[in-house]
Amino acid sequence: MIGVITYISVLERRNEIGILRAIGASKRNISQVFNAETFIIGALAGVIGIAITELLIIPANAILHSLTGQENINAILPPAAAGILIVLSIVLTLIGGIIPSRKAAKSDPVTALRSE
């Protein structure tokens with residue numbers, strides 16, 4: 001899904017890519033712009049996922065306590081696991097954004113400027 005979103009972003013921003021290439025941005029710079037965007041999307045998705053998980057643990061613990069009748073059993077998300085999940089989210093979004101960012105980097109500046 002991230003690859004599709006990044007690909008659509010590349011198609012919609014052809015004019016911007018053409019301007020950046022025309023003023024001297026290298027292909028690597030163009031690729032870095034889109035890789036930075038996918039990194040931010042991945043980081044935010046991971047943090048939002050962890051936040052939702054932490055919120056869902058509260059009712060899950062209440063259900064767990066009522067079903068088992070024991071208060072000492074709790075569901076938790078260890079901080080190390082949360083960190084690993086955020087890193088995994090970032091890595092997966094970066095992998096999904098590689099092909100669209102390379103397509104953006106390879107686009108011809110003259111053709112990109114003509115498209116509108």
Side chains of residues 75-94: which donor-acceptor pairs under 3.5 Å do they make with residues two or more places apart or in other chains?
{"unit_1": "Ser89", "atom_1": "OG", "unit_2": "Gly42", "atom_2": "O", "d": "2.8"}
{"unit_1": "Thr93", "atom_1": "OG1", "unit_2": "Thr38", "atom_2": "O", "d": "3.2"}
{"unit_1": "Thr93", "atom_1": "OG1", "unit_2": "Ser89", "atom_2": "O", "d": "3.1"}
{"unit_1": "Thr93", "atom_1": "OG1", "unit_2": "Ile90", "atom_2": "O", "d": "2.8"}

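Summarising the geometry of Phe34 relative to Ala104, their closest heavy-atom pair is CE1-CB, 3.5 Å, with the distance given to 0.1 Å.
In this structure, Ser9 contributes its side chain and Ile5 its backbone to no donor-acceptor pair below 3.5 Å.
With a 6.0 Å radius and a threshold of 12 heavy atoms from other residues, nucleotides or ligands, Arg13 has its CZ atom above the threshold. Within 6.0 Å of CG on Leu11 lie more than 12 heavy atoms contributed by other residues, nucleotides or ligands.
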Residue pair His65, Asn74: steps toward the side chain to side chain contact (heavy atoms under 4.5 Å, CB included) verdict: CA-CA 8 Å; His65 294 159; Asn74 289 315; 2.7 Å; yes

Step-by-step side chain to side chain contact (heavy atoms under 4.5 Å, CB included) determination, Arg21 to Lys27: CA-CA 8 Å; Arg21 294 279 292 146; Lys27 291 181 180 181; 3.6 Å; yes

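Taking hydrophobic clusters as Ile, Leu, Val, Met, Phe, Trp and Tyr residues chained together by side-chain heavy-atom distances below 4.5 Å, Val33 does not share a cluster with Phe39.
For the pairing with Ile52, the side chain to side chain contact (heavy atoms under 4.5 Å, CB included) check across Ile48, Leu55, Ile50 returns one residue only, Ile48.
To the nearest 0.5 angstrom, Ile23 atom CD1 is 5.5 Å from Leu20 atom CG. Within the model, atoms OG of Ser101 and NZ of Lys106 stand 10.0 Å from one another, a figure rounded to the nearest 0.5 Å. Remark: Leu64 CG to Glu71 CD distance equals 9.5 Å, nearest 0.5 Å.
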